[in-house]
Novice: 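This is the structure I have questions about; it appears just below.
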4 protein chains.
Amino acid sequence: MPKVGMPAIRKPQLIQAAIEAIDERGFSGATVSVIGKKAGVSPAIINHYFGGKNGLLEETMKSLIREFFLLLKQELVRGKKASGIDKVMIIVKTSFSHSQTQPEVVKVWMGFWALAMHSHVFLRLQRVYSKRLKTALVMELKAILDIQKAREVAHIVASLIDGMWLRGSLDGGINKSYSTKLIRSYLELEIS
Amino acid sequence: MPKVGMPAIRKPQLIQAAIEAIDERGFSGATVSVIGKKAGVSPAIINHYFGGKNGLLEETMKSLIREFFLLLKQELVRGKKASGIDKVMIIVKTSFSHSQTQPEVVKVWMGFWALAMHSHVFLRLQRVYSKRLKTALVMELKAILDIQKAREVAHIVASLIDGMWLRGSLDGGINKSYSTKLIRSYLELEIS
Amino acid sequence: MPKVGMPAIRKPQLIQAAIEAIDERGFSGATVSVIGKKAGVSPAIINHYFGGKNGLLEETMKSLIREFFLLLKQELVRGKKASGIDKVMIIVKTSFSHSQTQPEVVKVWMGFWALAMHSHVFLRLQRVYSKRLKTALVMELKAILDIQKAREVAHIVASLIDGMWLRGSLDGGINKSYSTKLIRSYLELEIS
Amino acid sequence: MPKVGMPAIRKPQLIQAAIEAIDERGFSGATVSVIGKKAGVSPAIINHYFGGKNGLLEETMKSLIREFFLLLKQELVRGKKASGIDKVMIIVKTSFSHSQTQPEVVKVWMGFWALAMHSHVFLRLQRVYSKRLKTALVMELKAILDIQKAREVAHIVASLIDGMWLRGSLDGGINKSYSTKLIRSYLELEIS
DNA sequence: AATGAATGAGTTTTCATTCAT
DNA sequence: TATGAATGAAAACTCATTCAT
């Protein structure tokens with residue numbers, strides 16, 4: 001039995017199992033037993049690696065956020081020659097792409113949002129996401145708008161993204177092309 | 001103890017207690033015992049009146065939705081001489097007012113949203129809200145836009161409302177005046 | 001509202017409701033609520049008339065026993081000119097008739113038997129039945145057999161009756177003609 | 001705590017505890033808490049091993065039946081050189097022996113009988129016992145009687161066994177020698 | 001590192017009973 | 001007499017966690 005590197009294997013494995021469990025059964029149905037079964041390991045090792053169920057959930061959320069901003073960074077690098085609205089749209093599209101790469105994250109993300117309302121840790125994490133998304137938007141928008149306006153538009157775009165995620169969660173998925181089209185048309189209106 | 005009319009007293013009383021309990025402790029913390037204590041009655045009567053905890057939660061969500069659309073109807077009647085953007089803004093403002101009348105509903109509503117993702121009944125209820133809000137918006141918008149455009153704008157406005165609620169839930173409340181200002185400015189841009 | 005004679009109406013009504021409830025749902029399913037519903041009255045009056053659920057059950061069992069021995073007495077009077085085996089067979093037939101007059105009593109009676117094993121009161125009642133049946137059999141048998149033999153045959157016949165009831169309860173009813181035929185053939189063998 | 005073979009230890013241990021609990025307190029008094037206490041373990045492991053209280057009860061009944069037919073088989077093998085009535089009497093004696101080996105089974109068995117009347121699973125189990133006992137009797141009786149008669153006598157003997165068990169349950173035990181004596185005398189009458 | 005065994009705390013729900021009307 | 005309202009006690013069951021191996 002290899003003794004080294006086990007955490008590096010087990011942790012992502014359990015996080016993925018947690019995401020799937022939450023997606024399938026909701027937060028209340030995602031018991032350690034279910035998650036363990038899904039990962040093919042004993043529920044007891046969740047405690048071993050994460051110090052408890054809550055630890056796993058925290059890591060899961062952090063992982064989701066980290067993954068998103070990693071993706072965003074990559075996309076922004078890839079499109080660094082774009083400008084104006086196109087640059088903003090990269091953020092928008094990435095927001096929706098994330099949910100397409102892994103469709104189950106929609107429900108999970110929204111579940112964490114609800115959790116955030118009564119848990120310090122999750123609230124902090126959710127705010128990190130929320131702030132960073134807005135900051136990224138402002139960053140691009142202030143190139144084409146004055147800072148004051150940029151902040152307002154960023155707030156609108158961020159709200160649109162979240163609102164469309166929310167509504168998408170109700171319909172079993174987000175309609176990426178329709179969503180991006182509408183947001184782009186708004187931006188064009190605002191900027192031209 | 002009075003014999004008649006008790007259901008009419010107990011049911012709203014328990015629904016209100018449920019809202020407060022969810023607001024304070026989240027869904028997982030809102031046990032029948034907590035709700036009962038908050039209402040000053042035995043947990044057992046939740047079963048008596050609602051056939052179980054789930055029955056109470058369903059009625060609570062229905063009550064929230066009913067209350068909102070009642071308020072909306074009243075506001076639309078009061079402002080029936082308004083026209084164009086003003087008419088649409090009545091819907092927007094009412095959406096945010098609802099949360100001001102009873103600040104705790106923000107968390108509760110979002111909690112139900114998360115619940116909806118894995119429960120038939122709550123999904124149905126959430127969709128009712130979602131559809132009716134959009135329908136109301138389309139109704140007003142088609143007076144000033146062609147039907148196709150009206151639908152798109154309605155989708156955007158509805159997403160903005162929901163997105164701002166969602167973000168507001170993170171900050172312990174919705175900034176009504178800022179939110180309505182931003183939505184109005186969008187509408188003016190779209191319509192003028 | 002007539003004030004007199006209510007007990008005389010309510011008591012048998014509730015006893016009959018109890019029998020039906022036990023027949024349909026078993027002892028554990030026969031709650032005061034179910035019995036009350038079946039009788040079309042509030043469960044609370046069971047306490048009023050019987051001092052509690054247990055009181056009702058006791059009265060129900062007493063009623064079953066009383067009814068059986070009343071029937072037996074009538075049949076023995078009706079057939080008082082019969083003699084020998086025929087006289088004994090009157091008792092046997094009546095035992096099975098009782099279950100035909102009211103088919104649901106088979107399950108109920110067996111349920112009480114089980115109850116008797118852990119309750120003083122019901123044990124006493126069951127023994128009353130048990131003894132009186134045997135006594136009745138001995139009474140008739142000693143006319144044709146010496147007392148010692150009469151007791152033995154009575155024991156066998158009583159056991160056959162009870163055993164056939166028991167087995168009948170498994171098959172949803174007692175086959176009266178087959179049962180009586182077998183018992184008679186035994187008696188003929190024993191006596192001739 | 002040992003890791004392997006625990007189910008093989010715990011399951012019979014809990015079944016025995018269930019038998020004792022039912023014997024002492026009846027079915028309604030045999031709660032998981034009582035059974036757990038009697039077995040010296042937490043009530044929660046009943047769920048662990050049997051998937052719930054009902055699972056334990058089913059296994060308990062199965063165990064009782066299995067044990068009886070195992071004993072019967074052994075006795076029939078031991079007495080395989082016997083013939084005629086003696087062979088039949090082996091079955092009869094074994095039926096009563098079973099209750100002597102473990103006196104508490106009388107009450108328990110009768111309790112299950114009552115349970116069977118309103119539960120599919122227990123009804124099926126009880127019928128298995130009922131049929132197998134009769135089949136075993138027919139098997140021996142057809143060596144000395146024609147098949148038709150063998151069936152009738154088997155029915156009588158089976159009813160006698162059950163009836164005497166039933167009556168024995170009232171008296172805190174079965175009088176084995178008296179019971180077997182009476183049944184043998186019946187068989188001699190029938191066969192000679 | 002990993003697990004099966006075991007548990008205690010806590011959840012919803014059921015139910016007989018009491019009580020004011 | 002009869003009832004709807006209300007409750008307390010207790011039931012089965014769930015679940016995160018701990019522990020010896």
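Below, chains carry the letters A, B, ... as their sequence lines are ordered, and counting in each starts from 1.
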Novice: In terms of side-chain heavy atoms of Ser42(B), which of dT3(F), dG8(F), dT1(F) is nearest?
Specialist: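 So the side chain of Ser42(B) is nearest to dG8(F).
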Novice: CD of Gln13(B) versus P of dA5(F): gap in Å, rounded?
Specialist: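 So the CD-P distance, Gln13(B) to dA5(F), works out to 13 Å.
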Novice: Between Ile45(B) (CD1) and dA5(F) (C1'), how many Å, whole number?
Specialist: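 Atom CD1 in Ile45(B) sits about 8 Å away from atom C1' in dA5(F).
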Novice: Do you know the tightest heavy-atom contact between Ile35(A) and Ala30(A)?
Specialist: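 Closest heavy-atom pair between Ile35(A) and Ala30(A): CD1-O, 3.8 Å.
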Novice: If dT11(E) has a Watson-Crick or G-U wobble mate with both distances under 3.5 Å, name it; if not, just say none.
Specialist: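 dA12(F) is the nucleotide pairing with dT11(E).
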Novice: Out of dA16(F), dA5(E), dA2(E), which nucleotide sits closest to the side chain of Val32(A)?
Specialist: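 So the nucleotide nearest the side chain must be dA16(F).
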Novice: If I take atom CZ in residue Phe27(B) and atom P in nucleotide dT11(E), what distance separates them, rounded to the nearest angstrom?
Specialist: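 Distance check: Phe27(B) CZ to dT11(E) P gives 16 Å.
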Novice: Starting at atom CZ of Phe50(D), determine the distance to atom P of dC13(F), rounded to an integer number of angstrom.
Specialist: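 About 13 Å, once rounded to whole Å.
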Novice: Taking only side-chain nitrogens and oxygens of Arg10(C), does any of them come within less than 4.0 Å of OP1 or OP2 of dA2(F)?
Specialist: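 Yes, such a contact exists.
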Novice: Ignoring the backbone of Ala44(A), work out which of dT18(F), dG4(F), dT7(E) is nearest its side chain.
Specialist: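 Between dT18(F), dG4(F), dT7(E), the one nearest the side chain of Ala44(A) would be dT18(F).
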Novice: Could you check Gly40(D) against Ser33(B) and say which one's nearest nucleotide on DNA chain E is further toward the 5' end?
Specialist: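 On the 5' side of the pair lies Gly40(D).
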Novice: Taking NZ from Lys11(A) and P from dA1(E), how many angstroms apart are they, rounded to a whole number?
Specialist: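 In whole Å, dA1(E) P and Lys11(A) NZ are 12 Å from each other.
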Novice: For Arg25(A), look at atom CZ and say whether over 12 heavy atoms of other residues, nucleotides or ligands are found less than 6.0 Å away.
Specialist: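 No, CZ of Arg25(A) has 12 or fewer neighbouring heavy atoms, counting only those of other groups under 6.0 Å.
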Novice: Between Leu125(A) and Ile65(A), what is the shortest heavy-atom contact and its length?
Specialist: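 Answer, listing the atom of Leu125(A) first, then Ile65(A): O-CD1, 3.4 Å.
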Novice: Expressed in angstrom and rounded to an integer, what is the separation of Ile46(A) atom CD1 from dA1(E) atom P?
Specialist: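 Spelled out: CD1 on Ile46(A) to P on dA1(E) is 16 Å.
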Novice: Would you indicate which nucleotide in dT17(E), dT3(E), dT13(E) comes nearest to any side-chain atom of Lys53(B)?
Specialist: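 Nearest nucleotide to the side chain: dT13(E).
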Novice: So what's dT21(E) paired with, Watson-Crick or G-U wobble, going by both distances under 3.5 Å?
Specialist: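 The base-pairing partner of dT21(E), which may sit in any strand shown, is dA2(F).
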Novice: Distance check needed: dT11(E) P versus Asn54(B) CG, whole Å only.
Specialist: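 In whole Å, dT11(E) P lies 16 Å from Asn54(B) CG.
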Novice: Toward the 5' end of DNA chain E, which comes first, His48(A) or His48(D), by nearest nucleotide?
Specialist: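 Its nearest nucleotide being more 5', the pick is His48(A).
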Novice: Which one, dG8(F), dA16(E), dA6(E), comes nearest to the side chain of Thr31(C)?
Specialist: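 Nucleotide nearest to Thr31(C)'s side chain: dA16(E).
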Novice: Between Pro43(C) and Ser28(D), who's closer to the 5' end of DNA chain F by nearest nucleotide?
Specialist: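 Its nearest nucleotide being more 5', the pick is Pro43(C).
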Novice: For Phe122(C) and Phe112(C), take the angle between the two ring planes, folded into 0 to 90°, and tell me which bin it lands in: parallel under 30, tilted 30 to 60, perpendicular over 60.
Specialist: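 If you compare the ring of Phe122(C) with that of Phe112(C), the planes turn out parallel.
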Novice: Rounding to an integer number of Å, can you tell me how far Asn47(B) CG sits from dA10(F) P?
Specialist: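 Spelled out: CG on Asn47(B) to P on dA10(F) is 18 Å.
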Novice: Applying the side-chain hydrogen bond (donor to acceptor under 3.5 Å, both in side chains) criterion to Gln13(B), which one of Lys11(B), Gln16(B), Arg10(B) satisfies it?
Specialist: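 With Gln13(B) as partner, Lys11(B), Gln16(B), Arg10(B) yield a single side-chain hydrogen bond (donor to acceptor under 3.5 Å, both in side chains), made by Arg10(B).
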